[in-house]
Amino acid sequence: KSCGWNSPTFKNLWTKNMIYDVCVIGSGAGAGPIIYELSRAGLKVCVLEKGDIYNEKDFSKDEMLVRKAIYTPNLKDEYHTIEEFVDGSWQKFPTYETGWSFWNGSLLGGSSNFMSGFFHRLKPNDFKLASTYGVPKNSNIVDWAISYNELEPYYTKVEELVGVSGEVQAYEFLEPRSTKEFPYPALAENKIVDLIDKSCKELGFKSIKTPRAIISKQKNHRNPCYYSNYCGSYACSSGAKGSSRASLIKDALLTNNVTIIPNAFVIKLNTDKNKKIKSATYLTKEGTKKEINAKLFVVAAQAVESSRLLLNSKEENFPNGVANNSGNVGKNFLSSSGGIVSATFDETNMNLKDLLESGLFVNRSLMDWYFTKEFKGGTIDVLFEHANPIRRASFLCLNGSDLIIGEELQNKIFEIFTKTRTLNIEIFTDWTPNDDSFISVDEKYKDKYGIPVANIRIGTHPQDMIASKFLEEKAIKLFEKMGGKNITSDISALPSSNLQAGGCRFGNDAKTSVLNKYCQAHEVKNLFVTDGSFMPTGGSVPFTWTIYANSFRVADYIENNWENLII
């Protein structure tokens, strides 16, 4: 299939006996900077991507095809198991029974193709939560192995290379910055932001413009945002969104040092007598086993699948899985706590034409309560509900338990779609790491290839709901002040499946962590893990910007220490 990727390195320069310098497993936010930087440094990089390769021209706004139908596996073939505490005991449920999918994008660029692009940095105190607030009972909170200052230059690098639009505005918890502004101007906004700003001011809240990984002006081969109204959950057809594929991998291909092997599901890492990774075994779409040899390996398959791969890579050197003789792989899985508060707005709130103007962003955040005196708070992001008209319409056919059909349903749909608009407040608070939040594998549950699937135990900490409910009160106050109608709230302790981190925690102590401060496995010299797995805590924001920044940091370390790493 031709996808418009004409670089000769894509066309198949792979040969059976070739030994690459670097093999990267995955191609999302944790992989893109590695691929970009090391290929530009002259290293031969092989990318093993579980999914296929798509380009801007392949991305449709068809709601029925978005993400789950094409870009993730069928849960009957490839699933996960979820462990929840029910009726006093832990019970396991295969995801094909519930439809709850933890797959977020099996294609070049991974889930970064589908992100909404809320790019908030972590704050300095996020790197030292244990020191700042202490360690709550039954939690595994620790300080990071690095400081904010060590990551700051790489946040700045992401702003330029991946592309971040916005306007830096002062507020109490604004992190220190080495640049005064974002490199791209803020995106165009719907006039509802005037109502948000006015209401915040009256309440004594501070609304700030949300930085977005969506470029507002041309950048090389990438076109600026054209305000299609299909952003969150949809892949970008202009190249404006800062996916790993559009912002980094396309440019990396120009070096002729990158070979991409799509539809390559990596099932095992193989070690030599020195306990170094010598090769990766992968399955083709047809189930044929193949092997790639390289001097150094980088795993970035998203947190759940990265832990699964290491745990399934059992052999004499590592009977419990590669880099897992300490027993730490899979521990302290993270997601994000919080939820969504919603309200509807109509012509009683503002000019209807302005309200219904499609495509323009809201881009407002509140971080007044990111830190409180007593506990770590979180972030409020305000946005219109995603453009999923079929899903929206499907909810209108019920009035309580009564089914609405015919002309009554038709009139209701017309009324909702032409006279109202729904605004959401997404609440992000820290997921507290604990002993009952982890990834494991179970030989009883295998996918269609016979490979044990990842089991995700969901154990939450009481502190998560305290912070989430605290922010819920603020969100409801804002919507009430704005005059929103039909205010509803869905705050939950359950994880958001598209926000995954932890499982391969980095740290200075090999007894309590999987990776060192450079995301290099303590037990395997030539193995790095660069997706969100390394994070000991997640902060109160989406993880993507931090994953990107850290991956650039690790790429620098690999390049500067190359000879020592492959001896």
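Computation of the quantities below employed the complete heavy-atom set of this structure, encompassing side-chain atoms and omitting hydrogens, waters and symmetry-equivalent molecules.
Not counting sequence neighbours, T372 has no partner by the side-chain hydrogen bond (donor to acceptor under 3.5 Å, both in side chains) test. In this view, H522 and S513 satisfy the side-chain hydrogen bond (donor to acceptor under 3.5 Å, both in side chains) rule, not counting sequence neighbours. For the side-chain hydrogen bond (donor to acceptor under 3.5 Å, both in side chains) test, no residue two or more places apart in sequence or in another chain qualifies with S244.
In this structure, the side chain of N332 does not engage the main chain of P433 through any donor-acceptor pair within 3.5 Å. With hydrogens and angles disregarded, a donor-acceptor distance shorter than 3.5 Å links the side chain of S306 to the backbone of A301. Judged purely by atom type and a 3.5 angstrom limit, S247 uses its side chain to pair as donor or acceptor with the backbone of S243. A donor-acceptor distance shorter than 3.5 angstrom exists from the side chain of N317 to the backbone of D272, with no hydrogens or angles considered. Side-chain atoms of Y155 come within 3.5 Å of backbone atoms of L122 as a donor-acceptor pair (strictly under, hydrogens ignored). Judged by distance alone, the side chain of N113 and the main-chain N or O of L108 form a donor-acceptor pair under 3.5 Å. Distance alone, capped at 3.5 Å, is enough to place a donor-acceptor pair between the N526 side chain and the I277 backbone. Checking side-chain atoms of S199 against main-chain N and O of I196 turns up no donor-acceptor pair under 3.5 Å. For K44 (side chain) and V258 (main-chain N/O), no donor-acceptor pair under 3.5 Å exists by modelled atom type. Although no hydrogens or angles enter the test, the distance criterion places a donor-acceptor pair under 3.5 Å between the side chain of R222 and the main chain of G239.
Under the 4.5 Å side-chain criterion, counting only non-hydrogen atoms from C-beta, V514 is not in contact with V529. Contact annotation: the side chain of N324 never approaches that of L310 to less than 4.5 Å [non-hydrogen atoms, C-beta and beyond]. Between L296 and C23 there is no side-chain heavy-atom pair separated by less than 4.5 Å. Inter-residue side-chain proximity for F384 and N424 is flagged as unmet; no heavy-atom pair is nearer than 4.5 Å. Here the side chains of K157 and Y548 are not in contact, with every heavy-atom distance at 4.5 Å or above. Considering only heavy atoms from C-beta on, M367 comes within 4.5 Å of H120 through its side chain. Taking the side chain as every heavy atom from C-beta outward, I249 and Y36 never approach each other to under 4.5 Å. Here the side chains of I456 and V304 are in contact, with some heavy-atom distance below 4.5 Å.
Atoms CG and CG, from L499 and N104 in turn, are 8.5 Å apart once rounded to the nearest 0.5 Å. The distance from atom CD1 of I340 to atom CD1 of I427, rounded to the nearest 0.5 Å, is 9.5 Å. In this structure, OG on S207 lies 12.5 Å from NZ on K198, to the nearest 0.5 angstrom. Atom OG of residue S307 and atom CZ of residue F333 lie 8.5 Å apart, to the nearest 0.5 angstrom. Interatomic distance, OG of S147 versus CG of D143, reported as 11.0 Å (0.5 Å rounding). Atom CG of L253 and atom CG of L248 lie 11.0 Å apart (nearest 0.5 Å).
For D435 and K331, the salt-bridge test fails: no basic side-chain N is under 4.0 Å from an acidic carboxylate O. A salt bridge links E159 with R177: at least one charged nitrogen is closer than 4.0 Å to a carboxylate oxygen. R364 has a carboxylate O that lies under 4.0 Å from a charged side-chain N of E189, or vice versa, which qualifies the two as a salt bridge. Using a cut-off of 4.0 Å between Lys/Arg side-chain N and Asp/Glu carboxylate O, D21 and K295 are scored as salt-bridged. Under the 4.0 Å criterion applied to side-chain N and carboxylate O atoms, K477 and E473 are not assigned as salt-bridge partners. Salt-bridge formation is detected for the pair E56/K250: a Lys NZ or Arg NE/NH1/NH2 atom is positioned less than 4.0 Å from an Asp or Glu carboxylate oxygen.
In this structure, the ring of F173 has its center less than 6.0 angstrom from the ring center of F371.
Here the shortest heavy-atom pairing between T379 and S540 reads OG1-O, 2.8 Å. Summarising the geometry of A145 relative to N508, their closest heavy-atom pair is CB-OD1, 4.1 Å, with the distance given to 0.1 Å. K219 and L161 get closest at one heavy-atom pair: CE-O, 3.2 Å. Heavy atoms only, all atoms of each residue included: G338 and T429 are closest at N-OG1, 3.9 Å. The heavy-atom pair separating K373 from Y133 by the smallest distance is O-CE2, 4.1 Å. Of all non-hydrogen atoms in A493 and T460, the two that sit nearest each other are O-CG2, 2.9 Å.
F528 pairs in a side-chain contact (heavy atoms from CB on, under 4.5 Å) with only one of the listed residues (N516, L565, V22), which is L565. Exactly one of S437, S336, S335 qualifies for a side-chain contact (heavy atoms from CB on, under 4.5 Å) with P495. That residue is S335. For the ring-ring contact (aromatic ring centres under 6.0 Å, His included) with W369, the lone residue among F428, F205, F375 that qualifies is F205.
Y518 and Y557 have parallel rings, their planes meeting at less than 30° on a 0 to 90° scale where 60° marks the start of perpendicular. Aromatic ring pairs are classed by plane angle as parallel below 30°, tilted from 30° to 60° and perpendicular above 60°; the pair W545 and F119 is parallel.
With a 6.0 Å radius and a threshold of 12 heavy atoms from other residues, nucleotides or ligands, I19 has its CD1 atom at or below the threshold. Annotation: D436, atom CG; neighbour count of heavy atoms from other residues, nucleotides and ligands within 6.0 Å is above 12.
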* Under the side chain to side chain donor-acceptor pair (under 3.5 Å) criterion, do E160 and T156 qualify, and how do the steps go? -> CA-CA 7 Å; E160 182 58 44; T156 301; over 6 Å; no
* Candidate pair L309 and I25, rule side-chain contact (heavy atoms from CB on, under 4.5 Å), full reasoning -> CA-CA 10 Å; L309 173 59; I25 299 163; 4.1 Å; yes
* **Criterion side chain to side chain donor-acceptor pair (under 3.5 Å) on R505 and N328, from CA distance to verdict** => CA-CA 8 Å; R505 173 182 280 190; N328 287 304; over 6 Å; no
* Asked: Given the rule in the side chain to side chain donor-acceptor pair (under 3.5 Å) test, do S326 and K511 qualify, once you have shown the distances and angles that lead to the verdict?
  -> CA-CA 6 Å; S326 67; K511 294 179 180 179; over 6 Å; no
* To do: Just do the side chain to side chain donor-acceptor pair (under 3.5 Å) check on S551 and Y154 with the steps written out, would you?
  => CA-CA 9 Å; S551 186; Y154 299 100; over 6 Å; no
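Because its NZ or CZ atom is not both nearer than 6.0 Å to the ring centre of Y148 and within 45° of the ring axis, R121 does not count as a cation-pi partner of that residue. Cation-pi contact between K50 and W103: present, with separation from the ring centre below 6.0 Å and deviation from the ring axis of at most 45°. The cationic atom of K123 (NZ for Lys, CZ for Arg) lies less than 6.0 Å from the six-membered ring centre of Y370 and within 45° of the ring axis.
Side-chain contact, E49 with S27: a donor N or O sits under 3.5 Å from an acceptor N or O. Checked by atom type, the side-chain pair S365/T210 shows a donor-acceptor distance below 3.5 Å.
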